[in-house]
Chemist: 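Take this structure, written in structure tokens, and hold onto it; I'll ask about it next.
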Amino acid sequence: MTTSPFSRRRALQLIGLAGGAAVLGPVLAACGSSDGARALAGNAPVSGRFDGVTLKLLVNQPHVTSFRDVLAPAWKTASGGDLDVTAAPYDQLTSKQILDVQSGTGEFDVFDYFYFGLGDLVDAGALTDLTAWIDTNKDKIDVAGYLPSIYDPYTLLGGKRYGLPYDGDVHILFYNAELLDRYKVEPPKTWDEYDAVSAKITTDARGSAYGAIVSGQQVPMILGCSFINRLTGYGGELVDANGKPALTSDAAIAAANHLVAVAPSALPTPLQIGFDQANQAFLSGQGALLDTWTDMALRAEDPTASKIAGRWGAVSLPVGGTNTTPRTALDAGFGLGISTAAKNPDAAAAFVVWATAAAQNLSVSSTAGAGIDPIRGAVLGADGYAKVVTKAIGPIREGLGGHPLVWPKEAGAPKLLQDLVDQLALAIAGSQTVEQSLGNAQSSWEKSLT
Amino acid sequence: MSRRVPLWLALPAVAGLLLFLVYPTGYLIALAITHSSLAHPLRSFSGADNFSSALASAAFVPSLWRSTVFAVLATVATTTLGLALAVLLRARGTKFGVVGALLLLPLVTAPVLIGVAWKLLLAPVGGGFAQTFSAIGLGGFNPLGSGVGAFLVILLIHVWQWTPFAVLISFAALGVVRPELLESARIDGAGAWRTFSTVVWPAIAPTQWAVAVLELVIGYKVFDLIVVITAGGPGFATTLSPYAIYQTGLRGSFDMGTAAAQTLIFAAVVGAVATIVTGARARALKAEGS
């Protein structure tokens, strides 16, 4: 006798399982999470002594030096308090911050947060509302001193403020002056010139160097930056004035086409190139052109980390198409916020004010390897800062002092950006056309934004 | 005469089942049928929305097919190579020996270390193999630069890592083949292949099928190598289902509801393929026995 694998008993088991699940879902949903919104009182301190208090910080990996080596000793002197710094990889930072609060662990007091993750963090109830506290202490915090180009984008969401700016990230174009001289080419002012320089150096160097380093790792902070740098160059926007996605504009298509077209002459292989690989290749003299964060100026000039010290230069990001005005974007960028689960909110508040003050911002912005850029006008205009970033000061001031493109930061923005870079990666890999990729990304963005 | 066993004696087992099987499974199902994000799990009932969203994902649906191809290729390669190496080791004697121990090294090395090591070796500029590629006229060769190349590299590394597992089990299984049967076959003039197919294989077939099922499941679970070496790229070429689910739940969207639905769909696919393989095993063993 043969027996069917789908016996009556098995069928009843499956029906029972499905029925149980149908009942379980709503029941558990009723026990689901709730918002943990918390606001800091207006009379919370902006300074003070915190002897014996240890603040726990969850920070972006490349910022560890700034917190641990520069700010921690100075904070100890200034307040008597200690800093316990935990680093998270840049592609896991926002999720770890949400999990810290949502899991109930509540280990950290201060979050070093991506501004484009602000909406998700607020939606998760992970960041304390600082609106009243900032409004009450505007002068003591010296709010007017923050760069206008980044203050609102980094801290404001839905009319409320959730942090203070910490790292004013924009990109400029760095070049290896020695390679450009050797192959008799000039720093590019347009993306077409960039292509020509890249192709000539890669061809003539025959594998000993590459004309361009294109960072294409499939995460928003890397490939997203590379695309958006070109998008601003061609005069495009991510969303138009009405808030509608503009990913199928001529500028967007030109930007994505540029990423695809430059790949053959770029350091192999753009989709494998992340932050560390790009920096290492540029600093070791393997690549001639790299659009990256402005703190590269300090790294490039540091002879202990760079083989091109004194032999590099920087210009504003190239332009293309009909656009003739260079413009950068707020590529990544960080604020300091207070966790809603903070065990020492007063000390955290005082620390956030202190760490984003001009003196500390100048200190970390002037430290090689700290990975921090100016967030205050006083620092951007300071001679001390100009002295350490040397040849890059012009494009840095032009970028941060201008009107850089702001990335989306509403709840769900990281997903939109991930959708965009996923589609761009397919185009770069040759799996689909640029138009298909941007069309798919546009559809995804329209579903969420309109 | 039958003895009644008090029901409470089953409590530890029942408690274990509730804690480690029923609750996690129930929670997973609940996530799959509710609007759930990392920040707000179990927010509200969503019906089948998460399953629709899972099936509409550009990364997930192709990853099911990709994972199946990967797992099947990996199973065939690891099981075959493992058995071949075990036979060679057994030919040297009954002891596993130093060579056998060395063979096990990839198995006992942390997968993240394996990934980092291979990534450094395969880096197109400055990587450990870059000079070798140049020396044989393949300067600039970058196997991770293309979709097919990256998929094959991950497959190769996985096979390198998990073949020792098959070697270990197969070596032990070969120990149950009775020497007098091998001796009889030799006296009867059977060659190596005939001896293997008619004497050795029937004895070790049940074990080999078990190894195949285990390797299949292991092949479906590959995650760490992808995170370290390719991050699912280029494009989605190495985005296998576990990585796609991780991306949905913990990167970018933090959409735990859809990630849970994807997990259930993936589990159904793995279950279906595993059922086919175990069915084939049952038929094969029955045929061997008849």
Chemist: Nearest 0.5 Å please: distance from the CG atom of Leu99(A) over to the CG atom of Leu250(B).
Modeler: 6.5 Å
Chemist: Check step by step if side chain to side chain donor-acceptor pair (under 3.5 Å) holds for Gln247(B) and Asp422(A).
Modeler: CA-CA 11 Å; Gln247(B) 290 275 74; Asp422(A) 283 347; 4.9 Å; no
Chemist: Look at the side chain of Gln218(A) and the backbone N and O of Gly235(B), then say whether any donor-acceptor pair between them is shorter than 3.5 Å.
Modeler: yes
Chemist: Can you tell which part of Leu424(A) gets under 4.5 Å to a heavy atom of chain B, answering side chain, backbone, both or neither?
Modeler: neither
Chemist: Using heavy-atom distances under 4.5 Å, tell me whether Ala429(A) contacts chain B through its side chain, its backbone, both, or neither.
Modeler: side chain
Chemist: Can you tell me how far the OG atom of Ser37(B) sits from the CD atom of Gln102(A), to the nearest 0.5 Å?
Modeler: 7.0 Å
Chemist: Under 4.5 Å between any side-chain heavy atoms of Asn142(B) and Gln272(A), yes or no?
Modeler: yes
Chemist: So what's closer than 4.5 Å to chain B heavy atoms on Gln277(A): side chain, backbone, both or neither?
Modeler: side chain
Chemist: In terms of heavy-atom proximity below 4.5 Å to chain B, should Leu417(A) be classed as side chain, backbone, both, or neither?
Modeler: neither
Chemist: More than 12 heavy atoms of other residues, nucleotides or ligands under 6.0 Å from CG of Leu19(B): yes or no?
Modeler: yes
Chemist: Heavy-atom pairs under 4.5 Å with chain A - which of Gly145(B), Ser36(B), Ala32(B) has more of them than the others?
Modeler: Gly145(B)
Chemist: Salt bridge (Lys or Arg N to Asp or Glu O under 4.0 Å), that's the test. Do Asp123(A) and Arg43(B) meet it? Break it down for me.
Modeler: CA-CA 12 Å; Asp123(A) 184 58; Arg43(B) 189 179 252 174; 3.7 Å; yes
Chemist: Tell me, side chain or backbone of Val219(A) under 4.5 Å from chain B's heavy atoms, or both, or neither?
Modeler: side chain
Chemist: Answer with side chain, backbone, both or neither: which region of Gln432(A) has an atom nearer than 4.5 Å to a non-hydrogen atom of chain B?
Modeler: neither
Chemist: Does atom CD of Gln280(A) have more than 12 heavy-atom neighbours, drawn from other residues, nucleotides or ligands, at distances under 6.0 Å?
Modeler: no
